[in-house]
Visitor: 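Have a look at this one.
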Amino acid sequence: MALELRQQLKLTQQLVMTPQLQQAIRLLQLSRLELVETVQQEMLENPFLEEAQDEGPQVETPDPRETATAAADVAYDREIARDADWEDYLGDFASTSRQSTVRESEMPEEMTSFEARYAAKPSLEGHLMWQLRLSSLTERQKDIGEVIIGNIASSGYLHATVEDIAEMAGVLPGEVEPVLHAVQRFDPVGVSARTAQECLLVQIEVLGYTRDKVLVELVRDHLEDLEKRRYKPLLRKFRLTMEDLKEYLDLIQTLDPMPGASYGGGDPQFVSPDVYVYKYDDDFIIMLNEDGLPHLQLSTMYERSAAAAASAGEREYFQEKMRSASWLIKSLYQRQRTLYKVVESIVKYQRGFFEDGVSRLKPLILKDIADDIGMHESTVSRITTSKYVATPHGIMELKFFFNSALELDDGSQVGSESVKALIKKLIADEDPREPLSDERIGEILKDQLKVNIARRTVAKYRTAMDIPSSSKRKELF
């Protein structure tokens, strides 16, 4: 068989990911705070972008210097970048027309900056270092103490052996034990312990309960029995009554098994909703959160400079920056438009939730919303990522409204989140002395919702909500 070269024509279709399309897709999946940072960064890098100033209604007069010299590839974006469009921006994507608001300037308290009045949250390491420097330990022991504190996890437990600390500090293991003993009695008491038993025993010692041999032995040898509620062997071994054992349990529960938890390194994360949904009469009003997001426009000063550019290099640079600015404005416009349409469709499908709460949450998938608004499922998935909506029943992530379905006896469906909410309510209302088993919860769901749900499904939903089993929820006292 001979090999030869041939020429042939082949017609194919393919999607070309242009930089502009990549930018539009990236903006879709950004959270609100990330979007604000991205816009601010673009304003720093692109001289053609500037923030529109709301100065009230003005009569626009045509500029005679505007001619057809502008590039043809940015002409179609010109309308989006004009002030008039952005003044009515909120009205385009809200159920009510935009009302003019006046922001009152906030005077700093006693003319002091916020940074000067802000106190950072103390860390566990800093709190222990402060106590170490104030202790009566020698300088050599303080050096060992720094190594010990440096190996304490956020929970307060020591994640290194005495031999490892001695090797890191360049000392003998016998010199580490006295320093570790001292650090364990710093505030919070029990920090740098190696086990839960050691942590609780140090707290018992500091509180002066070491004379009670039963308490010490319960903590040292029988924590697992107490956790699994194996009380009868303990009653026989220590010859206690249930009332006596309850007193010991109450005392143990006052101890802190995680002494470093109150000094967590992470700061609380505050959620800023992207959309607000308000109920007004019998309808729901949707408003996008525009707070902190600049309204962009093309800089008229640089537009005039571009028109007066002399060299070809300058004109090419100006056209590229103008094209980039116009595409960013258009992408932001499209993002907000898509977000509004998705939330509007969610409100239509999940009206029962917005009326009465999670108990009426219906099954919903991405395809339902995509078909309703005429977009692809991937677009809906991106726009609902890291987005939050403020509803009459709290702030919810947009992904919350998409849940699987369970079949009812009459052929209809109910959302899994509604079933989880009912399971949580049943467990909250149960008798602690006789908690409901997973099988019993399944029977109640069948009676109330007419839904066929297996015991293992109830257990799966219960575990997802961090609810322990009935044996661990049972209270004997």
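Just so you know, these numbers come straight off a predicted model, no measurement behind them.
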Visitor: If you compare all heavy atoms of Met258 against all heavy atoms of Ser155, which two are closest, and at what distance to 0.1 Å?
Guide: CE-CB, 3.4 Å
Visitor: Could you tell me whether the side chain of Arg462 and the main chain of Ile467 form a donor-acceptor pair under 3.5 Å?
Guide: yes
Visitor: Pairing donors with acceptors under 3.5 angstrom, does anything connect the side chains of Thr391 and His393?
Guide: no
Visitor: Determine whether Phe354 and Pro392 make a side-chain contact, defined as any pair of heavy atoms from C-beta on separated by less than 4.5 Å.
Guide: yes
Visitor: Show the numbers, then the answer: is there a side chain to side chain contact (heavy atoms under 4.5 Å, CB included) between Leu223 and Gln197?
Guide: CA-CA 8 Å; Leu223 271 185; Gln197 288 87 345; 3.7 Å; yes
Visitor: Where is the tightest heavy-atom contact between Pro435 and Ser470, given as atom of each residue plus distance?
Guide: CG-O, 3.2 Å
Visitor: Tell me whether Lys279 at atom NZ has more than 12 heavy atoms from other residues, nucleotides or ligands lying less than 6.0 Å away.
Guide: yes
Visitor: I'd like to check Tyr248 versus Leu226 (side-chain heavy atoms, cut-off strictly below 4.5 Å). Are they in contact?
Guide: no
Visitor: Do Gln41 and Glu37 pair up side chain to side chain, a donor and an acceptor below 3.5 Å, judged on atom types alone?
Guide: no
Visitor: Measure across Asp274 and Ser386 and return the closest heavy-atom pair with its distance rounded to 0.1 Å.
Guide: OD1-O, 4.1 Å
Visitor: Please name the pair of heavy atoms, one in Ser272 and one in Asn289, separated by the smallest distance, quoted to 0.1 Å.
Guide: OG-ND2, 3.6 Å
Visitor: Side chains of Glu290 and His295: does their closest heavy-atom pair fall under 4.5 Å?
Guide: yes
Visitor: Is there a side-chain contact between Thr241 and Leu235 (heavy atoms, below 4.5 Å)?
Guide: no
Visitor: Between Thr379 (side chain) and Met375 (backbone), is there a donor-acceptor pair under 3.5 Å?
Guide: no
Visitor: For the pair Glu355 and Arg351, find out whether any cationic side-chain nitrogen is under 4.0 Å from an anionic carboxylate oxygen.
Guide: yes
Visitor: Leu422 versus Gln448: any side-chain heavy-atom pair under 4.5 Å?
Guide: yes
Visitor: If we ignore hydrogens and angles and just use 3.5 Å, is the side chain of Thr463 paired with the main-chain N or O of Ala459 as donor and acceptor?
Guide: yes
Visitor: Is there a side-chain contact between Met465 and Lys424, using heavy atoms and a 4.5 Å cut-off?
Guide: yes
Visitor: Please confirm whether the backbone N or O of Asp187 pairs with a side-chain atom of His127, one donor and one acceptor, at under 3.5 Å?
Guide: yes
Visitor: Is a side-chain donor or acceptor of Ser326 paired with a backbone partner of Arg323 at a separation under 3.5 angstrom?
Guide: no
Visitor: How far does CG of Leu28 sit from CD1 of Ile383, to the nearest 0.5 angstrom?
Guide: 4.5 Å
Visitor: Is it true that, when you exclude Glu316 itself, more than 12 heavy atoms of the residues, nucleotides or ligands shown sit nearer than 6.0 Å to its CD?
Guide: no
Visitor: Any side-chain to backbone donor/acceptor pair from Lys387 onto Leu30? Under 3.5 Å, distance only.
Guide: yes
Visitor: Please check this pair: side chain of Thr338 against backbone of Gln334, looking for a donor-acceptor N/O pair closer than 3.5 Å.
Guide: yes
Visitor: CD1/Ile149 to CZ/Phe186 distance, rounded to the nearest 0.5 angstrom?
Guide: 6.5 Å
Visitor: Please evaluate residues Lys399 and Thr385 with respect to the criterion side chain to side chain contact (heavy atoms under 4.5 Å, CB included), reporting the C-alpha separation (whole Å), side-chain torsions for both, the decisive distance (0.1 Å), and the verdict.
Guide: CA-CA 7 Å; Lys399 295 287 188 184; Thr385 301; 3.9 Å; yes
Visitor: Determine, step by step, whether Glu344 and Lys348 satisfy the salt bridge (Lys or Arg N to Asp or Glu O under 4.0 Å) criterion, reporting the C-alpha distance in whole Å, the side-chain angles of both residues, the deciding distance to 0.1 Å, and the verdict.
Guide: CA-CA 6 Å; Glu344 186 179 35; Lys348 181 178 69 174; over 6 Å; no
Visitor: How far apart are the C-alpha atoms of Val219 and Ile252, what are their side-chain angles, what is the distance that settles it, and do they pass the side chain to side chain contact (heavy atoms under 4.5 Å, CB included) test?
Guide: CA-CA 8 Å; Val219 172; Ile252 293 175; 4.0 Å; yes
Visitor: Under 6.0 Å between ring centres, would you say that holds for Tyr278 and Phe284?
Guide: no
Visitor: Evaluate the ring planes of Phe353 and Phe401, with Trp represented by its six-membered ring, and classify them as parallel (under 30°), tilted (30 to 60°) or perpendicular (over 60°).
Guide: perpendicular
Visitor: Counting N and O atoms only, with roles assigned by atom type, does the side chain of Asp438 sit under 3.5 Å from a partner on the main chain of Arg455, one being a donor and the other an acceptor?
Guide: no
Visitor: Counting C-beta onward and ignoring hydrogens, is there a side-chain heavy-atom pair between Asp225 and Leu218 closer than 4.5 Å?
Guide: no
Visitor: Rounded to the nearest 0.5 Å, how far apart are NZ of Lys341 and CD1 of Ile346?
Guide: 13.5 Å
Visitor: Can you tell me which residue among Ile427, Ile444, Asp431 is in a side chain to side chain contact (heavy atoms under 4.5 Å, CB included) with Leu436?
Guide: Ile444
Visitor: Salt bridge or not between Arg440 and Glu443? Use side-chain N to carboxylate O under 4.0 Å.
Guide: yes
Visitor: Quick one: pull up CD1 in Ile204 and SG in Cys199 and give me the separation to the nearest 0.5 Å.
Guide: 10.0 Å
Visitor: Can you measure from NZ (Lys232) to CE (Met242) and round to the nearest 0.5 angstrom?
Guide: 9.0 Å
Visitor: Quick one: does Asn151's side chain have a donor or acceptor within less than 3.5 Å of a partner on Leu158's backbone?
Guide: no
Visitor: Does Tyr276 form a side chain to side chain contact (heavy atoms under 4.5 Å, CB included) with Leu288? I'd like the steps, not just the answer.
Guide: CA-CA 6 Å; Tyr276 294 95; Leu288 299 184; over 6 Å; no
Visitor: Please name the pair of heavy atoms, one in Ile369 and one in Ser345, separated by the smallest distance, quoted to 0.1 Å.
Guide: CD1-OG, 3.3 Å
Visitor: CZ/Arg382 to CG/Leu366 distance, rounded to the nearest 0.5 angstrom?
Guide: 11.5 Å
Visitor: Is Ser324 reaching over with its side chain to a backbone N or O of Glu320, donor-acceptor style, under 3.5 angstrom?
Guide: no
Visitor: Do the side chains of Leu364 and Gln350 get nearer than 4.5 Å, heavy atoms only?
Guide: yes
Visitor: Check Asp466 against Pro468 and note the closest heavy-atom contact, atom names and distance.
Guide: O-CD, 3.8 Å
